[in-house]
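Each chain gets a letter, A, B and so on, in the order the sequences are listed, and its residues count up from 1. Computed from a predicted model, the values in this text were never measured in an experiment.
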Amino acid sequence: MPKDTGIGASPKRREDVRFLTGTGNYTDDINLNGQAYVHFLRSDMAHARINSIDTAAASAMPGVVRIFTGADFEGVGGIPCGWQITDKHGEAMQEPAHPVLAQGKARYVGDAIAAVVADTAEQARDAAEAIELDMEELPAVIDMKAAVQEGATKVHDDLTSNLCYDWGFVEENKPAVEEAFANAAHVTTLELVNNRLVANPMEPRVAVGDFNRATGDSTLYTTSQNPHVIRLLMGAFVLGIPEHKLRVIAPDVGGGFGTKIFHYAEEAFCTFAAKALNRAVKWTSSRSEAFISDAHGRDHVSTIQLALDADNNFTALRTDTYANMGAYLSTFAPSVPTWLHGTLMAGNYKTPLIYVNVKAVFTNTVPVDAYRGAGRPEATYQLERVIDKAARELGVDPVALRRQNFITEFPYATPVAVEYDTGDYNATMDKLEEIADISGFAARRAASEAKGKVRGLGVNCYIEACGIAPSNLVGQLGARAGLYESATVRVNATGGLVVMTGSHSHGQGHETSFPQVIAEMIGIDESMVEIVHGDTANTPMGMGTYGSRSLAVGGSAMVRATEKIIAKAKKIAAHILEASDADIELKDGQFSVAGTDKSLAWGDVTLAAYVPHNYPLEDIEPGLEETAFYDPANFTYPSGAYACEVELDPETGKVSIERFAAADDFGNVVNPMIVEGQVHGGIGQGIGQALLEAAVYNDEGQLLSASYMDYAMPRADDLPFYQVDHSCQTPCTHNPLGVKGCGEAGAIGSPPAVVNAVVDALQSMGKDITHVDMPLSPARVWSAMHE
Amino acid sequence: MTKVSMTVNGKAASGDAEGRTLLSSFLREELGFTGTHVGCDTSQCGACVVHVNGVAVKSCTMLAVEAEGAEVATIEGQAAPDGTLNTIQQAFQDHHGLQCGFCTPGMVMSTAALLKENPKPSEQEIREYLEGNICRCTGYHNIVKAIMAASGQDVSAIAAE
């Protein structure tokens with residue numbers, strides 16, 4: 001029987017009621033007294049010199065409060081980058097200034113040039129149209145390889161080139177890797193593109209800045225995955241506001257997927273303008289604006305090579321990647337193609353020698369940063385595609401080739417700097433073969449053929465590094481932040497608990513799953529635990545939610561704080577029961593003295609903590625409230641095996657996903673319903689990347705797919721029901737819950753499964769096709785069929 | 001500015017609107033029904049679906065002045081007065097048919113319209129009907145399942161939510 005409470009149960013989500021009744025509190029639902037509205041005038045040229053901005057006519061328009069330009073921000077800091085990469089020569093990456101409003105030049109379509117603040121949003125928009133801009137269009141650099149050619153137009157005049165960094169990893173391994181390739185029995189080479197995507201959380205970004213002149217306090221309401229990070233970055237590096245005078249609130253947030261991690265200029269603007277005008281200032285992004293101002297994701301061009309010996313053992317791997325940074329460095333952009341990508345190139349395999357080169361390139365496009373999976377999908381896609389290609393070249397079963405090369409002993413130190421603690425890749429592959437009914441594929445293929453369709457099967461594995469991350473390690477790797485998480489557990493006199501967590505929920509269901517953990521630890525009902533998050537004024541400094549880290553890191557902090565609570569409560573109970581602390585046991589919400597019938601209820605002890613009449617005041621303080629900061633000892637390493645079956649329509653080239661199965665190992669699972677929902681959503685986005693989505697720029701730097709009319713979001717009829725399983729569980733060894741994280745797996749594991757399946761289908765038609773770049777649109781697949 | 005009056009969830013409501021004010025903005029900004037969400041500006045995402053005189057409408061495709069005198073139903077009026085969720089809302093909760101909740105009001109309102117015209121839709125009919133409602137979180141699996149359950153169909157054979 002499934003449990004109905006505590007760890008392993010699937011209680012209905014408590015946050016759902018407000019979302020289902022229209023009573024959620026998203027940032028755009030917040031309206032402050034007397035607020036003004038800002039509209040940003042954005043560049044419609046990818047690269048242009050700003051000769052002059054004439055705001056006279058616009059300023060005289062109805063309702064206009066003030067128009068700001070770059071000149072108003074000359075004395076203000078720029079948007080900081082949170083990660084510094086050291087290149088293969090030991091030099092720091094090139095890091096351009098990133099002003100709040102453009103200074104002198106616009107560097108991508110969407111770069112904000114001026115900001116109009118007016119009494120209404122419509123007045124601000126109208127006035128922006130009356131601003132007279134004198135802009136001189138300059139040649140734009142869009143293609144990454146062209147951008148790093150000698151003599152290319154520079155995105156930033158003060159940098160030596162458009163190369164942000166040239167990273168080699170592990171540089172010392174390079175000669176041994178070369179030697180292994182020279183001695184290989186077989187080398188498989190694959191060039192591929194990891195298509196540029198737009199994260200597209202359904203809630204567009206919103207910021208509301210407020211200022212209280214009486215106290216000098218600033219407040220920012222924003223659509224963020226990590227309000228404390230925004231407070232630190234914006235306060236310390238942009239606006240010079242100390243943290244005790246700045247409050248950042250991220251209330252209900254309508255999806256993030258990475259793109260709401262970053263500190264954006266619009267947040268700084270609204271906070272700055274509210275103080276300058278002594279009036280709240282609100283910005284609500286339109287979807288069209290989101291396409292040209294939210295950080296994009298992926299956009300890698302790679303060449304990967306796999307070396308094998310005569311027995312088909314992987315002997316070496318090397319990969320060269322061009323990674324687009326866009327026009328400026330978004331908050332964590334430099335880390336994505338490096339430490340979140342290079343360190344995953346071993347995948348599930350015992351390849352002994354690996355060398356990764358990444359050239360990060362500035363172009364006149366929207367900044368690119370983390371999107372669900374962030375670096376790990378790019379690594380997995382390269383690796384799982386090249387293995388599939390190798391299997392086909394060698395005429396061996398792709399699954400057997402994988403199994404032959406699986407890592408089977410743990411802990412396992414990879415040649416790319418990480419140590420996997422646990423995993424069982426054969427177990428997840430066995431489970432996949434079962435739930436995907438791989439043995440029934442031949443019959444299904446025959447059935448497809450009988451109705452004139454072409455069926456293909458794609459299988460792949462993935463591993464990811466989650467639970468980001470040990471602070472001392474990421475510090476060595478260039479992070480300008482620690483990556484711990486925090487929790488304060490406050491027990492009230494009558495026994496209820498409030499957990500104030502630095503993690504942030506924007507769809508993940510923390511309000512439901514976190515109480516399950518505490519209920520299990522104390523033996524009380526989940527309804528006695530409330531979760532508070534998203535407001536820097538009432539939660540301890542936390543690093544927020546991304547990298548599938550909430551439960552592994554934030555949940556661990558909550559466990560540590562609750563352990564302190566239980567230890568103190570036992571002391572109180574021991575005093576009242578006149579026993580030794582060591583003899584007190586806590587079970588089902590009752591403290592008892594081992595070996596006796598003496599016991600005390602949870603509520604009696606919590607009341608004693610706040611009414612300390614009979615209390616060990618000489619030893620411990622009254623009250624029951626504890627804080628813990630948890631810094632993980634290692635990443636966690638979720639893994640799994642995915643299978644996709646597609647049908648191609650030979651008439652049109654349209655690919656339809658007929659079956660999709662995912663067997664994941666997330667370690668222990670707190671709420672299976674939520675975990676499965678996370679996997680479903682990740683798979684939906686991964687299939688979206690594989691079949692539909694692409695942020696496409698033309699040579700002039702215009703984003704051609706800048707609305708839902710042009711950017712193909714996956715819709716209900718593009719996707720099937722999924723078969724997902726998480727029964728293979730090798731618990732994480734270094735966090736107290738044994739959990740690994742599940743938020744990104746689906747988006748990491750699914751694109752190669754889809755592409756492997758389509759290539760399989762094409763080859764079954766007798767086509768000598770070894771690769772088609774994503775998205776596998778009907779036009780691309782039809783062309784491949786007719787080559 | 002024009003004064004616009006309508007009935008929202010059975011109660012009279014009125015406010016000022018410019019000629020260009022969309023019904024979605026009027027409901028959110030002027031009348032305070034912030035459960036209706038705006039997720040795009042090309043009438044694609046469906047987060048703003050409400051019912052106007054019993055018909056599902058993307059409220060960003062309609063001017064507020066066009067709704068003068070209309071009966072409008074929004075997500076805020078779907079549960080019973082005591083807060084009990086309606087069948088569709090309850091099915092979405094039971095089957096984890098929502099994550100961040102932003103597309104949810106439109107999904108619930110579109111589902112209500114679907115079930116009115118097709119009380120027992122097939123999986124394929126549901127998927128096709130939801131063409132105009134985008135969800136980025138769920139991969140649609142549990143939404144489709146919830147709608148099948150809300151229409152009284154046995155969903156036990158569909159993979160777990």
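- Checking each of His96(B), His141(B), Lys145(B) against His680(A) for a side chain to side chain contact (heavy atoms under 4.5 Å, CB included) leaves exactly one that passes, namely His141(B).
- Residue contact with chain A, scored on non-hydrogen atoms closer than 4.5 Å, is absent for Ala47(B).
- Here Arg20(B) pairs with Asp126(A) in a salt bridge; the nearest charged N to carboxylate O distance falls below 4.0 Å.
- Side-chain contact between Thr21(A) and Gln78(B) is absent, with no heavy atoms from C-beta onward closer than 4.5 Å.
- The part of Thr138(B) that comes within reach of chain A is its backbone (N, CA, C, O), which places non-hydrogen atoms under 4.5 angstrom from that chain.
- You'll find the side chain of Asn142(B) stays beyond 4.5 Å of the side chain of Met673(A), heavy atoms only.
- A salt bridge links Arg136(B) to Glu693(A): at least one charged side-chain nitrogen sits closer than 4.0 Å to a carboxylate oxygen.
- Only the backbone of Val253(A) comes within contact range of chain B, judged by heavy atoms closer than 4.5 Å.
- Heavy atoms of Met202(A) lying under 4.5 Å from chain B belong to its backbone as well as its side chain.
- Both the backbone and the side chain of Asp28(A) come within contact range of chain B, with heavy atoms under 4.5 Å apart.
- Residue contact with chain B, scored on non-hydrogen atoms closer than 4.5 Å, involves the side chain of Tyr26(A) exclusively.
- With a threshold of 4.5 angstrom between heavy atoms, Thr23(A) does not approach chain B through any atom at all.
- Between the side chains of Arg14(A) and Gln93(B), no donor-acceptor pair of N or O atoms lies under 3.5 Å.
- Contacts between Glu122(A) and chain B at a heavy-atom distance below 4.5 Å involve backbone atoms as well as side-chain atoms.
- Salt-bridge annotation for Asp718(A) and Arg127(B): absent, with no side-chain N of the basic residue lying under 4.0 Å from a carboxylate O of the acidic one.
- Both the backbone and the side chain of Leu719(A) have a heavy atom closer than 4.5 Å to some heavy atom of chain B.
- Put simply, the side chain of Tyr722(A) gets close to the backbone of Gly139(B): a donor and an acceptor are under 3.5 Å apart.
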